[in-house]
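Structure first, commentary second.
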Amino acid sequence: MSQTVDRALSILPLLAEGPADLGGVAERLGVHKSTALRLLRTLHEHGLVYRQSDQRYRLGARLFALAQEAMENLDIREIAHPHLVALNEECGHTVHLAVHEENEVLYIDKVDSRYPVRMYSRIGKPVALTVAAVAKLLLADLPEAERRALAEGLDYPPYTSRSTPHAAAFLRELEKVREQGWATDLGGHEESINCVAAPVRGADGRVVAAMSVSAPNVVVTAEELLALLPKVRRTADAISGEYSGRTPASPAGPSSPTAPGAAAPAGPQGKDTP
């Protein structure tokens, strides 16, 4: 039975490449045509494949409906939370999760640090778009035209001397973040707070959320916080894997010690909020 299920499921990625006839399916599976026909008929009965007028098979509408329903019912916060807790327990600092909704970037989860100093951020609170590390990751993933229009329509409050000063600088920073795959806020919103962030991606590779680790510089220096970037990225990758169905549901384990670019702070226009 398990072999039959395995063969039936193997037909789906095969047909995702394009329609195929019975002979082609049988050849790819390495089975007799009669076996392939039984599998295809069963999948057809469940709406997972469709038989065209030219006798070739393609993926069925029911499969797409199930995928859409599954995606709509996925709760990124529920999936991410155990991973955020595990990272917080490992490093001790404040961990955030944020999403982009209706022109705002909002915190949807937070695990507080172990030390007495607490960050002002709250679940449901919007972040400062022009300086927040999580905002940079989410906005950097927008199409170029949309990214440019958004940047040119924002105000650029001088929260600190390290805040992003104008649209041109913001666009340069977003391009940098897009290329490197992570973001920082090194005193851009509050002089005393530093932050490193990594993206959470869906099955299509698009950024669906961003997570960060933040800490005051009286606890750790910017350089010490940046050294945690490999752990942050590994945690984000674990959440991405579970959200997209690529990996089992378990919090990320210990991270590798180093990631490209983790040893040096970002340039002057990359300093942002958690």
Point to revise | C91/V213 under side-chain contact (heavy atoms from CB on, under 4.5 Å): CA gap, chis, key distance, verdict | key: CA-CA 9 Å; C91 70; V213 170; 4.2 Å; yes
**Study point:** Steps toward side-chain contact (heavy atoms from CB on, under 4.5 Å) verdict (V25, I11)
**Key:** CA-CA 7 Å; V25 172; I11 292 174; 4.1 Å; yes
Practice item. Please name the pair of heavy atoms, one in A135 and one in A128, separated by the smallest distance, quoted to 0.1 Å. Key: CB-O, 4.4 Å
Review point. Would one find more than 12 heavy atoms of other residues, nucleotides or ligands at under 6.0 Å from atom CD of E152?
Key: yes
Check your understanding: So, does R147 use its side chain to make a donor-acceptor pair with the main chain of L142 at under 3.5 Å?
Key -> yes
Point to revise | Whether over 12 other heavy atoms sit under 6.0 Å from E144 CD | key: no
Point to revise | Least distance between heavy atoms, G188 atom then Y159 atom | key: O-CB, 3.5 Å
**Study point:** N194 side chain vs G187 backbone, donor-acceptor pair below 3.5 Å
**Key:** yes
Review point. Out of curiosity, R38 CZ to R7 CZ, how far, rounded to the nearest 0.5 Å?
Key: 9.5 Å
Review point. What about L15 and L37, same hydrophobic cluster or not, with Ile/Leu/Val/Met/Phe/Trp/Tyr joined at side-chain heavy-atom distances under 4.5 Å?
Key: yes
Point to revise | Ion pair E89/R114, N-O distance below 4.0 Å | key: no
Exercise for review: Treating Ile, Leu, Val, Met, Phe, Trp and Tyr as nodes and any side-chain heavy-atom pair under 4.5 angstrom as an edge, say whether Y57 and L12 lie in one connected cluster.
Suggested key: yes
Review point. Would you call L48 and L59 a side-chain contact if the rule is heavy atoms closer than 4.5 Å?
Key: no
**Study point:** Heavy-atom pair of closest approach, residues C195 and S214
**Key:** SG-OG, 3.4 Å
**Study point:** Any donor-acceptor pair under 3.5 Å from T164 side chain to T130 backbone
**Key:** yes
Practice item. Treat each ILVMFWY residue as a node, draw an edge where side-chain heavy atoms are under 4.5 Å apart, and state whether L137 and L225 are in one component. Key: no
**Study point:** Verdict with reasoning, K176 to Q180, per side-chain contact (heavy atoms from CB on, under 4.5 Å)
**Key:** CA-CA 6 Å; K176 174 184 174 182; Q180 68 188 15; 3.7 Å; yes
Check your understanding: Do the non-hydrogen side-chain atoms of V208 and L138 ever get within less than 4.5 Å of each other?
Key -> no
Point to revise | Transitive ILVMFWY side-chain link I108 to I79, under 4.5 Å | key: yes
Point to revise | Full working for side chain to side chain donor-acceptor pair (under 3.5 Å) between Y115 and H93 | key: CA-CA 8 Å; Y115 37 81; H93 307 311; 3.1 Å; yes
**Study point:** side-chain contact (heavy atoms from CB on, under 4.5 Å) between Q55 and D21, worked out
**Key:** CA-CA 6 Å; Q55 309 308 308; D21 60 20; over 6 Å; no
Review point. When rounded to the nearest 0.5 angstrom, what distance separates CD in Q3 from OG in S10?
Key: 10.0 Å
Check your understanding: Who are the side chain to side chain donor-acceptor pair (under 3.5 Å) partners of R178, not counting sequence neighbours?
Key -> none
Exercise for review: Report whether L106 and V127 are members of the same hydrophobic cluster (ILVMFWY, side-chain heavy atoms less than 4.5 Å apart, transitive linking).
Suggested key: no
Check your understanding: Mind checking whether L150 and R148 have side chains closer than 4.5 Å, heavy atoms only?
Key -> no
Review point. Is there a salt bridge (charged side-chain N to carboxylate O under 4.0 Å, His left out) between R77 and D109 once you walk through the steps?
Key: CA-CA 7 Å; R77 182 181 184 275; D109 203 1; 3.3 Å; yes
Check your understanding: Quick one: side chain to side chain donor-acceptor pair (under 3.5 Å) partners of E17, sequence neighbours excluded?
Key -> R28
Practice item. Establish, yes or no, whether a centroid distance under 6.0 Å links the rings of H166 and Y156. Key: no
Review point. So do the side chains of H96 and M211 get within less than 4.5 Å of each other, counting heavy atoms only?
Key: no
Check your understanding: Hey, what do you get for NE2 (H189) to OG (S163), rounding to the nearest 0.5 Å?
Key -> 7.5 Å
Revision key, fill the gap. In short, P199 meets V207 closest at the heavy-atom pair CB-CG2, 3.8 Å
Review point. Hey, is the main chain of S34 close enough, under 3.5 Å, to the side chain of H32 for a donor-acceptor pair?
Key: yes
Review point. With a 4.5 Å limit on heavy-atom distance, are the side chains of I239 and T235 in contact?
Key: yes
Check your understanding: Under 4.5 Å between any side-chain heavy atoms of V99 and V105, yes or no?
Key -> no
**Study point:** D155 atom CG, over 12 foreign heavy atoms within 6.0 Å
**Key:** no
Check your understanding: Between S113 and T94, which heavy-atom pair has the shortest distance, and what is it?
Key -> N-OG1, 3.4 Å
Review point. Can you check salt bridge (charged side-chain N to carboxylate O under 4.0 Å, His left out) on R162 and E191, steps first, answer last?
Key: CA-CA 8 Å; R162 308 186 78 182; E191 291 279 5; 5.8 Å; no
Check your understanding: Any chance CZ of R41 has more than 12 other-residue heavy atoms, nucleotides or ligands included, within less than 6.0 Å?
Key -> no
Check your understanding: Got more than 12 heavy atoms from elsewhere within 6.0 Å of CD, Q52?
Key -> yes
Practice item. Grab the two heavy atoms, one from V220 and one from A215, that are nearest each other, plus how far apart they are. Key: CG2-CB, 3.6 Å
Review point. Is there a donor-acceptor pair under 3.5 Å between the side chain of E190 and the backbone N or O of S192?
Key: no
Review point. Which pairs, with at least one residue in residues 195-206 and sequence neighbours excluded, count as a salt bridge (Lys or Arg N to Asp or Glu O under 4.0 Å)?
Key: D141-R206
Practice item. Report yes if some heavy atom in the side chain of V177 is under 4.5 Å from a heavy atom in the side chain of T184; otherwise report no. Key: no
Review point. Is there a side-chain contact between V200 and I76 (heavy atoms, below 4.5 Å)?
Key: yes
